[in-house]
Protein chains: 2
Amino acid sequence: MTVKIKEVALAAGVSSATVSKVLSGRTGYAVHAATAERVRQVALDLGYVPDAAAQNLRTRRSGQLGVVLEAVGSSEPDSLLGGVTAGSAVRRTFDGAIMAGLNDAARELQVPALVVYPGGSTSPLSYLDGRVDGLLVSCDPLRGHGLLEALRGTPLPVVALWTETVPPGISGVDVDHRQGGVLATRHLIDLGHRQIAFYGGGQASGVEHFGRRELGYQDAMRAAGLPPQRAIHEGAQLVAAVRDALVSAVFAETDLAAAAVLQALSQAGLRVPEDVSLVGFDDILGAEYIAGGLTTVYHPAAEMAAEGVHELMRLLQGGSPSQRLLAPRLIVRRSAQARTAAAR
Amino acid sequence: MTVKIKEVALAAGVSSATVSKVLSGRTGYAVHAATAERVRQVALDLGYVPDAAAQNLRTRRSGQLGVVLEAVGSSEPDSLLGGVTAGSAVRRTFDGAIMAGLNDAARELQVPALVVYPGGSTSPLSYLDGRVDGLLVSCDPLRGHGLLEALRGTPLPVVALWTETVPPGISGVDVDHRQGGVLATRHLIDLGHRQIAFYGGGQASGVEHFGRRELGYQDAMRAAGLPPQRAIHEGAQLVAAVRDALVSAVFAETDLAAAAVLQALSQAGLRVPEDVSLVGFDDILGAEYIAGGLTTVYHPAAEMAAEGVHELMRLLQGGSPSQRLLAPRLIVRRSAQARTAAAR
DNA sequence: CTGTTAGCGCGTTCAC
DNA sequence: GTGAACGCGCTAACAG
């Protein structure tokens with residue numbers, strides 16, 4: 001037996017229209033202050049809660065934002081990672097960061113609720129049932145953007161996370177991976193390294209993020225007048241390069257890849273950072289335990305999600321779609337040290 | 001301009017009632033197979049999607065499950081952790097695991113959508129607006145159960161995660177932390193250790209989970225005829241106990257606490273597992289990097305969330321509230337070794 | 001047995 | 001400050 005607006009109206013001695021006006025909170029309606037106060041009090045006493053379905057039906061808005069949460073995280077092929085196999089755990093860390101960012105932003109902006117679509121693979125049509133006023137799509141960078149393409153031309157405002165390349169009419173928020181690659185590489189250069197390897201699939205992987213991280217590596221190398229090396233994606237190859245004095249420092253495209261590098265080096269009797277300097281990317285949980293503290297690039301996933309909510313609110317208020325890149329940040333620990341300290 | 005049911009009816013040459021019957025999917029309605037097929041085809045061609053608000057208003061059900069996602073994760077006080085400060089990252093791992101579990105279960109059960117309430121601190125009344133058919137509460141084990149208490153007696157079916165102690169009328173799903181404590185401790189006993197310390201706040205911390213983990217430790221010790229030791233919650237104290245040959249193995253109440261133990265021991269020149277065996281709890285991301293592979297107890301957070309969804313569906317189908325505990329699982333790595341191998 | 005008509009659910013908003 | 005139409009799909013009762 002829930003309380004309905006008519007019961008409140010009756011108890012307050014007014015019509016339901018008046019109750020609606022008062023509780024809408026909007027000013028500008030002609031309602032006596034005393035009446036308004038009485039209505040509010042009665043509503044509170046009776047524990048009246050407006051029915052969301054009726055409200056949505058009439059206003060054609062739900063006050064809900066949809067979130068399509070595709071699995072996000074490490075997309076590294078196993079071959080690259082050696083024995084390191086925490087991919088799904090990394091994915092969860094990022095998903096958790098996304099939820100934390102969404103939650104914080106939604107609370108701050110007073111968005112009533114977020115709707116998560118299970119699986120995220122449903123037909124694009126199903127997002128158009130009025131359940132949500134806008135859509136955040138957390139795409140898997142590896143699996144391409146099938147859903148985004150399908151949403152091209154939707155009447156629903158859409159913001160895509162995790163990608164720089166979105167169809168027209170859709171907003172995008174991503175981290176500046178290329179700039180992150182520059183940060184990591186420049187750090188190694190500043191430490192005096194000249195022979196710096198890029199470890200990972202990079203552009204050849206077909207994964208947008210990894211390609212951009214490699215581009216950043218190349219940018220920084222060229223800016224310092226150094227020749228970028230071809231990407232290495234095998235532990236043995238890297239060990240050989242180090243032995244031949246062709247490599248004194250490594251930028252691994254992810255922290256997991258860095259862990260794999262560390263493992264390969266250790267097995268060959270090489271130490272980090274004494275023999276080789278190492279920088280990763282992502283700052284995953286556990287990064288502080290890798291090599292006694294992995295120097296890495298922090299990936300602001302939560303901030304990205306929060307920015308996505310803000311962008312969606314902008315679209316809902318009539319703004320036009322835009323692209324935005326968030327700056328990553330270098331986290332200096334101990335796995336990268338000055339070249340001179342290596343004494344080789 | 002969205003397509004409405006009447007337009008479909010018109011195009012298919014039937015009434016809207018027939019369209020509704022066909023698209024409801026329910027059998028038992030008397031509709032010609034040929035007519036039904038035609039209606040379905042027309043609906044598809046026109047891209048008809050039933051309006052959720054109208055549906056919800058008429059059926060008084062939303063097909064949505066609410067999730068109150070309080071911050072969950074490491075609740076360890078800083079003093080216990082020494083320099084190890086990855087608490088928020090752990091929280092995100094668990095939140096991500098929860099979302100992964102919810103997502104998987106919802107998809108499997110064909111639940112249309114999950115609603116996440118931002119902040120999770122809103123008045124209990126606000127969950128009664130018909131937006132959701134039931135509520136999952138992922139409570140913070142540290143902050144107590146204010147929300148759960150407030151939900152006592154709600155007409156809405158409620159399932160609480162992360163706690164064994166719930167008000168009457170509410171279902172609970174939690175991990176069997178006590179059993180996990182037994183697993184960890186028994187593993188050390190089986191390895192030949194007799195002087196086993198519990199490291200952490202335990203029962204004194206006031207955190208339900210940690211208390212139960214310590215109880216499990218005590219259970220296993222007593223079962224082996226060994227006297228449980230008083231909980232240690234300071235690195236220096238632990239180092240002293242090891243030096244005095246009072247402790248040869250440590251069960252730390254969380255993996256982060258284990259990392260702190262490791263750090264304290266290392267600084268004192270003691271090695272894991274050569275000098276001291278160490279077992280953690282949670283199997284957080286990064287556990288495989290702690291001490292070259294931390295032996296720990298896996299915390300099935302995703303499974304817990306999935307089980308929560310199942311329990312909620314049971315309640316929605318008229319089942320009665322119940323409590324459920326999920327079994328944790330020992331993950332053997334290399335931080336705990338046989339006593340004899342220690343050669344002390 | 002197939003398909004239609006009519007009215008419901010409940011808060012919002014326009015016209016008086 | 002009020003009355004009543006309205007949003008849109010569902011379903012009980014009814015006609016063919």
Side-chain angles (χ1 to χ4, degrees), chain A residues 1-40 42-43 46-64 112 125-126 128-133 155, chain B residues 1-40 42-43 46-64 112 125-126 128-131 133:
Chain A
M1 292 307 106
T2 66
V3 181
K4 286 172 285 187
I5 197 172
K6 280 189 183 168
E7 306 176 35
V8 177
L10 189 65
V14 296
S15 75
S16 63
T18 304
V19 176
S20 177
K21 285 181 193 168
V22 171
L23 297 186
S24 78
R26 253 172 304 177
T27 58
Y29 282 125
V31 179
H32 265 283
T35 312
E37 187 46 46
R38 180 157 39 91
V39 168
R40 259 187 289 269
V42 169
L46 266 53
Y48 169 68
V49 181
D51 183 82
Q55 235 165 1
N56 298 350
L57 180 59
R58 194 65 178 88
T59 62
R60 309 277 63 205
R61 306 202 326 108
S62 70
Q64 297 185 155
L125 276 182
S126 71
L128 296 176
D129 63 357
R131 220 182 269 282
V132 297
D133 299 336
Chain B
M1 294 309 107
T2 67
V3 181
K4 288 173 283 189
I5 198 171
K6 280 188 184 166
E7 306 176 34
V8 177
L10 189 64
V14 296
S15 76
S16 64
T18 304
V19 176
S20 177
K21 284 181 193 169
V22 172
L23 297 184
S24 77
R26 252 173 304 178
T27 58
Y29 280 125
V31 178
H32 257 287
T35 312
E37 187 46 45
R38 181 158 38 92
V39 168
R40 259 188 289 269
V42 169
L46 267 54
Y48 169 68
V49 182
D51 183 82
Q55 236 166 357
N56 298 350
L57 181 59
R58 191 64 176 89
T59 62
R60 308 275 65 205
R61 306 202 325 106
S62 69
Q64 297 185 157
L125 273 182
S126 71
L128 296 175
D129 63 358
R131 218 182 270 281
D133 298 336

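Sequence lines set the chain letters: A, B, ... in the order given, protein chains first and strands last, and positions in each chain run from 1.
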Heavy-atom distance under 4.5 Å between the side chains of A/Thr2 and B/Leu128, does that happen here?
-> no
Residue list, side-chain contact (heavy atoms from CB on, under 4.5 Å) with A/Asp51, at least two apart or on another chain | A/Ala53, A/Ala54, B/Leu57, B/Arg60
Over all heavy atoms of both residues, which pair between A/Ala11 and A/Val42 is shortest? Give the atoms and the distance, please.
-> CB-CG1, 3.6 Å
Check whether any side-chain nitrogen or oxygen of A/Arg60 sits under 4.0 Å from OP1 or OP2 of D/dC6, and answer yes or no.
-> no
Would you please test A/Val39 and A/Val14 for side-chain contact (heavy atoms from CB on, under 4.5 Å) and show each step?
-> CA-CA 8 Å; A/Val39 168; A/Val14 296; 4.0 Å; yes
Roughly, in whole Å, what's the span from CZ in A/Arg61 to P in D/dG7?
-> 18 Å
With sugar-phosphate taken as primed atoms, P, OP1 and OP2 and all else as base, the protein-contact string of nucleotides 9-16 of chain D at under 4.0 Å (heavy atoms; B, S, -) is BBB-----
Applying side-chain contact (heavy atoms from CB on, under 4.5 Å) to B/Ser126 and not counting sequence neighbours gives B/Thr122
